[in-house]
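Throughout, numbering of the chain's residues begins at 1 and tracks the sequence.
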Amino acid sequence: MLTNYLTTDSRRNSLPMTSRFRRRLSVLGLSTPRLLRGPRLEEPLEAPVVRTERLVIRPHRLSDADAWYEMQSDEGIVRFLSWPIRTRAESLQHLKDRTQHTVLSRADDLLALAIERDDALVGDLSVHLRTVHPDFRSAEIGWILGSAHGGSGLATEAVCAVIDMLFDRIEARWIFAVVDERNAKSLSLATRLGFTVVNRDGPLITMMVTPESSMTCSHRSERRSDS
């Protein structure tokens, strides 16, 4: 999921780059060149494991392959995403790619996290670091939850804990989410967690939450990092 915001890092005079440009690169199968990503976080966020009352939020593993393929074949999930319907082999390659995304350090880095309940994969969280400068530090979060696990508050529990971690661990000033206007459940979830609408682009609604407006989850989660 991508925002439509101009991001710049005045400390290094980075070239302004809109997420629309980044999206074009992504469509072409290209990533933003590292030379254009600017500085690093003071302390990169590496492979976090977040435990909540019912969930373990952790990096993906290849042992998730069967459950990952089921999720990518779930019509209740893919209808709101830009992901294509993948074959089992394509799904495995996609999972392999996600197992490599375990660090947030520079702008546009991706952290891909599995949502686990009772030793089974039930969902996924994506976190992009958008702006590094401490005065403007921002991240973007996206989430999916298997249709069979909806309605029990698991997505809220997972998203809330990771948002809390981002405010605490990387001291983000803003966290964004881009939600399809047809996805009523995700819109409701974001609103409950303190997100407000800041932009609309066709069916996509960009929402934002700050440390002051977010629902605090610290009392429900226990954090540790595995490196």
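- Defined by atom type and a distance below 3.5 Å, a donor-acceptor pair is present between the side-chain atoms of D124 and H60.
- One distance of note links CH2 of W83 with CD of Q72; it measures 5.5 Å at 0.5 Å rounding.
- The distance from the CZ atom of F167 to the OG atom of S214 is 4.5 Å, given to the nearest 0.5 Å.
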Practice problem: In sequence, state the C-alpha distance, the side-chain angles, and the governing distance for V178 and E140, and then conclude on side chain to side chain contact (heavy atoms under 4.5 Å, CB included). | Solution: CA-CA 8 Å; V178 180; E140 183 179 330; 3.7 Å; yes

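- Remark: the backbone N or O of H149 is paired with a side-chain donor or acceptor of S152 at under 3.5 angstrom.
- Expressed to the nearest 0.5 Å, how far OG of S105 lies from CG of L45 amounts to 10.0 Å.
- With hydrogens and angles disregarded, a donor-acceptor distance shorter than 3.5 Å links the side chain of R137 to the backbone of I170.
- Here the CZ atom belonging to F80 is positioned 13.0 Å from the CD1 atom belonging to I144, to the nearest 0.5 angstrom.
- At a cut-off of 3.5 Å, with distance as the only test, a side-chain donor of S213 or T210 sits close to an acceptor on the other residue.
- Remark: side-chain polar atoms of S186 are not paired, donor with acceptor, to backbone N or O of N183 under 3.5 angstrom.
- Expressed to the nearest 0.5 Å, how far CZ of R182 lies from CG of L187 amounts to 11.0 Å.
- With sequence neighbours left out, the salt bridge (Lys or Arg N to Asp or Glu O under 4.0 Å) criterion links D97 to no other residue.
- Salt bridge R88/D66: present, at least one basic N to carboxylate O contact under 4.0 Å.
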Exercise. Kindly determine whether L41 and D109 satisfy side chain to side chain contact (heavy atoms under 4.5 Å, CB included), including the steps that lead there.
Key: CA-CA 11 Å; L41 290 177; D109 279 350; over 6 Å; no

Quiz item: Can you list the steps and then say if L104 with V127 is a side chain to side chain contact (heavy atoms under 4.5 Å, CB included)?
Solution: CA-CA 8 Å; L104 291 184; V127 179; 3.7 Å; yes

Please table the atom pairs, donor to acceptor, closer than 3.5 Å between any side-chain atom in residues 112-122 and protein atoms at least two apart or in another chain.
| residue | atom | partner | partner atom | Å |
| --- | --- | --- | --- | --- |
| E116 | OE1 | R58 | NE | 2.5 |
| E116 | OE1 | R58 | NH2 | 3.1 |
| E116 | OE1 | R61 | NH2 | 3.3 |

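- I163 contributes atom CD1, which lies 3.5 Å from atom CZ of F195 (distance to the nearest 0.5 angstrom).
- Defined by atom type and a distance below 3.5 Å, a donor-acceptor pair is present between the side-chain atoms of R98 and S126.
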